[in-house]
S.K.: 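Got a structure for you, written out below as structure tokens; questions coming shortly.
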Amino acid sequence: AEAFAADPDPRAWERLVDRLLESPHYGEKWGRHWLDLVRFAETNSYETDEAKPHAWRYRDYVIRAFNQDTPYDRFIREQLAGDELPDGGADGLVATGYYRLGIWDSDPADKELARFDQLDDMVATTGQVFLGLTLDCARCHDHKVDPIPQRDYYALLSFFNNLTPFKNGGPTDEVPLPGSEDAKALAVTESGPVVPDTFILARGNPGSPGDRVEPAFPQALNPPPARVRPPESGRTSGRRLALADWIASPDNPLTARVWVNRVWQHHFGRGLVRTPSDFGLLGSAPTHPELLDWLAHEFMAGGWRLKPLHRRLLTSRIYLSTSTATPQALRIDPDNDLYSRFDMRRLTAEEIRDSVLWVTGSGNSRMFGPGIFVTLPPEVLASQSVPGKGWGQSPPDEQRRRSIYIHVKRSLLTPVLLGFDLAETDRSTPVRFATTQPTQALGSLNGAFFNEQAALLATRARRECGDSTEAQVRRILQWVTSRPPTDSEVFRGVQLVRALEQQDGAPAVEALKSFCLVALNLNEFLY
């Protein structure tokens, strides 16, 4: 921050943007947004909540794809049909773990209904994530609002109807990776090139099949016919590749717009369409439709690459605007639809935890690999049907890695993240809540993580600033706020430390730790 503020070069901001886009942590940051969308978790949910084999490889694939600036149309094809691509390779296999990330009941009362629930999860996630359409509303009847008949739903389901049912391990789910003797990936497989018939199910009931349907795309989008060409390998039907090619086509009216809108959302706090996974009639109309169209066109013309889109948005006048509103702007644009100012936002759960680790100097930047297990209170472990089942204990240094590497167990989400509105894991999460609730302050003041990190921050301040309380306080506030603190702020901090020592009888070490805890709870740190 100091170096940037002192740089007189007019292009200092552009250089900073380029440096951050080239950082390996860029993929961790933007990969997390994608994991929200595809309901990423490493277990199956329900009472047993068993671990999904090798799910972490999908997370690593996503991070690498963002860092490599994989074109978005290729990113789509790899996840929907990477095993059917002639040049899919290991990434293509790992990417198809997309299909296996949803919840799974190991002991369903009705196995056939459970199978169609899995297929519905694929239709729902694919429709919402890539097309911004709630196609799953048409499972039992014609869509009540959008022009999506039930026939279109089952025509789309037929693209997935040949997938082998998930079994949580074994040859249907664990595919050997090429070029490695032992490594396997959570991936999708098919039962061969011959696909079972797909029927429209009355009220979504597998026991009431109606008319047979063939693979087809939603007719409301005026699509081309679905042309399916089985791969030469004979292991799959080729249907998913046909679907992926249509979704990733520049002629598709939705795909680029939906993705560009999501990128805008994460930079500006909300999308040009405020319902980013519902571009239908019940969704919000775009506040700037011409801008959305233009950005989508430029995105495709630039090879579907994300980093140039970031640069375009981050160097715009609107991104560089102040968050201070004028009286006139508040009167004319109270909801900020016209972007007359920049909306403030609270950090996400992962950003809060990761920022604490890096402010205290304890963060471990090692990337990739199996998920880590952070220490959880006994009361949290006891909340499972079998207390502590499936939760390990990673070494202290591993526990200080970025939050994206914490093992995601659906029935045992990490409290410090859950309290600050972690994404839901059972279904796609297009927008996170940003709530303000008592449990957040209780956790960040009384919780073990914040108290442990406050002690580390105090140790860092003593090590770098010596015994001067004023120097310690000034430096701590500078680390937490990324700006030089005012003299009055430093004075108040010193008063607090001395009051804790003199009035409460706290040892100097404990008094400074308590000030660090206050600093980590400042609104300026969390927003």
Side-chain angles (χ1 to χ4, degrees), residues 70-89 91-93 95-96 98-99 116 119-120 122-133 135-136 138-139 143 146-164 187-201 209-259 279 296-297 299-301 303-304:
T70 300
Y72 185 58
D73 55 346
R74 172 72 185 195
F75 190 55
I76 293 171
R77 288 184 172 94
E78 286 180 343
Q79 292 178 81
L80 294 179
D83 57 322
E84 295 187 318
L85 290 170
D87 58 346
D91 277 353
L93 290 175
T96 64
Y98 158 82
Y99 291 104
F116 276 94
L119 292 171
D120 181 70
M122 297 172 191
V123 173
T125 306
T126 301
Q128 292 172 31
V129 171
F130 298 110
L131 300 173
L133 293 177
L135 298 169
D136 49 311
R139 178 180 181 178
H143 200 294
D146 296 333
I148 302 170
Q150 193 181 15
R151 173 176 291 274
D152 278 7
Y153 170 90
Y154 285 97
L156 194 66
L157 183 146
S158 69
F159 286 100
F160 310 125
N161 201 18
N162 198 40
L163 298 182
T164 52
V188 80
T189 55
E190 291 194 25
S191 53
V194 179
V195 182
D197 290 335
T198 302
F199 301 93
I200 299 174
L201 304 181
D211 294 342
R212 186 170 66 87
V213 295
E214 295 292 336
F217 310 124
Q219 296 306 300
L221 302 180
N222 192 28
R227 293 186 173 87
V228 178
R229 299 181 179 86
E232 295 180 359
S233 67
R235 293 191 298 270
T236 63
S237 65
R239 288 190 176 189
R240 286 177 291 113
L241 183 56
L243 175 65
D245 284 342
W246 171 71
I247 289 178
S249 167
D251 297 326
N252 189 305
L254 284 175
T255 305
R257 286 172 176 81
V258 168
W259 181 233
F279 275 46
H297 176 271
F299 175 59
M300 291 186 288
W304 299 76

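By convention here, the first residue in the shown sequence is residue 1.
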S.K.: So do Val123 and Gln128 actually touch side chain to side chain, heavy atoms under 4.5 Å?
M.R.: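 Heavy-atom side-chain distance check fails, nothing below 4.5 Å.
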S.K.: Hey, is the main chain of Gln219 close enough, under 3.5 Å, to the side chain of Asp152 for a donor-acceptor pair?
M.R.: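 Here the side-chain-to-backbone pair exists.
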S.K.: State, with a plain yes or no, whether a side-chain heavy atom of His143 is found less than 4.5 Å away from one of Tyr153.
M.R.: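 No, too far: nothing below the 4.5 Å cut-off.
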S.K.: On a heavy-atom basis, which atom in Phe217 and which in Pro224 lie closest, and how many Å separate them?
M.R.: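 Residues Phe217 and Pro224, closest heavy atoms: CD1-O, 3.4 Å.
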S.K.: Stepwise, does the side-chain contact (heavy atoms from CB on, under 4.5 Å) test hold for Leu131 with Phe279?
M.R.: CA-CA 8 Å; Leu131 300 173; Phe279 275 46; over 6 Å; no
S.K.: Could you tell me the separation between the CD1 atom of Ile148 and the CG atom of Asp146, rounded to the nearest 0.5 Å?
M.R.: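 If I round to the nearest 0.5 Å, the distance is 5.0 Å.
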S.K.: Do Trp304 and Phe75 touch side chain to side chain, with heavy atoms closer than 4.5 Å?
M.R.: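 A side-chain contact is absent here, since even the closest heavy-atom pair is not under 4.5 Å.
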S.K.: How many angstroms lie between atom CZ of Phe116 and atom CE of Met122, to the nearest 0.5 angstrom?
M.R.: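 Result: 11.5 Å between the selected atoms.
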S.K.: I'd like to know whether Arg240 forms a side-chain contact (heavy atoms from CB on, under 4.5 Å) with Val188, so could you lay out the CA-CA distance, the side-chain angles of the two residues, the decisive distance to 0.1 Å, and finally the verdict.
M.R.: CA-CA 11 Å; Arg240 286 177 291 113; Val188 80; 3.8 Å; yes
S.K.: For a 4.5 angstrom cut-off between non-hydrogen side-chain atoms, does Val195 reach Arg239?
M.R.: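 With C-beta onward as the side chain, the pair touches.
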S.K.: Any chance you could measure Thr198, atom OG1, to Leu156, atom CG, to the nearest 0.5 Å?
M.R.: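 One gets 10.5 Å once the value is rounded to the nearest 0.5 Å.
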S.K.: Quick one: do Val258 and Phe130 satisfy side-chain contact (heavy atoms from CB on, under 4.5 Å)? Show the steps, please.
M.R.: CA-CA 7 Å; Val258 168; Phe130 298 110; over 6 Å; no
S.K.: Run Tyr98 and Thr126 through side-chain contact (heavy atoms from CB on, under 4.5 Å) and show every step you take.
M.R.: CA-CA 10 Å; Tyr98 158 82; Thr126 301; 2.7 Å; yes
S.K.: When you measure from the side chain of Ser158 to the backbone of Ala155, do you find a donor-acceptor pair of N or O atoms at a distance under 3.5 Å?
M.R.: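 Here the side-chain-to-backbone pair exists.
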S.K.: Step by step, work out the side-chain hydrogen bond (donor to acceptor under 3.5 Å, both in side chains) result for Asp211 and Tyr154.
M.R.: CA-CA 10 Å; Asp211 294 342; Tyr154 285 97; over 6 Å; no
S.K.: State, with a plain yes or no, whether a side-chain heavy atom of Leu221 is found less than 4.5 Å away from one of Leu133.
M.R.: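 Sidechains of Leu133 and Leu221: in contact.
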S.K.: Work out which heavy atom in Gly303 is nearest to a heavy atom in Pro71; give both atom names and the distance.
M.R.: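 Answer, listing the atom of Gly303 first, then Pro71: O-CB, 3.4 Å.
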S.K.: Could you tell me whether a side-chain N or O of Glu78 sits under 3.5 Å from a main-chain N or O of Gly92, the two making a donor and an acceptor?
M.R.: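 It does not hold such a pair.
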S.K.: Closest heavy-atom contact between Gly234 and Pro193?
M.R.: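 Between these two residues, the closest heavy atoms are O-CD, 3.0 Å.
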S.K.: Between side-chain atoms of residues 241-250 and protein atoms elsewhere (two or more places apart, or another chain), which donor-acceptor pairs fall under 3.5 Å?
M.R.:
| residue | atom | partner | partner atom | Å |
| --- | --- | --- | --- | --- |
| Asp245 | OD1 | Arg77 | NE | 2.7 |
| Ser249 | OG | Asp251 | N | 3.0 |

S.K.: Show the nearest heavy-atom pair for residues Asn162 and Gly192, with the distance to one decimal.
M.R.: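 For Asn162 and Gly192, the tightest heavy-atom pair comes out as ND2-O, 2.6 Å.
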S.K.: So do the side chains of Phe199 and Val213 get within less than 4.5 Å of each other, counting heavy atoms only?
M.R.: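 Counting from C-beta outward, Phe199 and Val213 never come under 4.5 Å.
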S.K.: Do Asp83 and Arg235 sit within salt-bridge range, that is, some charged N less than 4.0 Å from a carboxylate O?
M.R.: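 So Asp83 does not pair with Arg235 through a salt bridge.
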S.K.: Side chains of Tyr72 and Thr255: is there a donor and an acceptor less than 3.5 Å apart?
M.R.: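 There is no such pair between these side chains.
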S.K.: Go through the side-chain N and O atoms of Ser237 and Glu190 and say whether any donor and acceptor fall under 3.5 Å apart.
M.R.: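 Yes, Glu190 and Ser237 have a side-chain donor paired with an acceptor closer than 3.5 Å.
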S.K.: Applying ring pair (Phe, Tyr, Trp, His ring centres under 6.0 Å) as the test, list every pair that has at least one member in residues 223-244; sequence neighbours left out.
M.R.: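 Every candidate ring pair (Phe, Tyr, Trp, His ring centres under 6.0 Å) pair involving residues 223-244 fails, so no pair, neighbours aside, qualifies.
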S.K.: Got a second to check how far Thr236's OG1 is from Leu163's CG, nearest 0.5 Å?
M.R.: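 Result: 10.0 Å between the selected atoms.
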S.K.: In Å and rounded to the nearest 0.5 Å, what is the CG to CZ distance from Asp136 to Arg139?
M.R.: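 Taking CG in Asp136 and CZ in Arg139, the distance rounds to 9.0 Å.
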S.K.: Can Thr164 and Thr189 be counted as having a side-chain donor-acceptor contact under 3.5 angstrom?
M.R.: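 Yes - a donor-acceptor pair under 3.5 Å links their side chains.
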S.K.: Donor-acceptor pair, Asn252 side chain versus Leu254 backbone, under 3.5 Å?
M.R.: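 Indeed, once roles are kept as given, a pair shorter than 3.5 Å links the two residues.
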S.K.: With rounding to the nearest 0.5 Å, note down the distance linking NE2 in His297 to CZ in Arg257.
M.R.: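 Here the rounded value is 10.0 Å.
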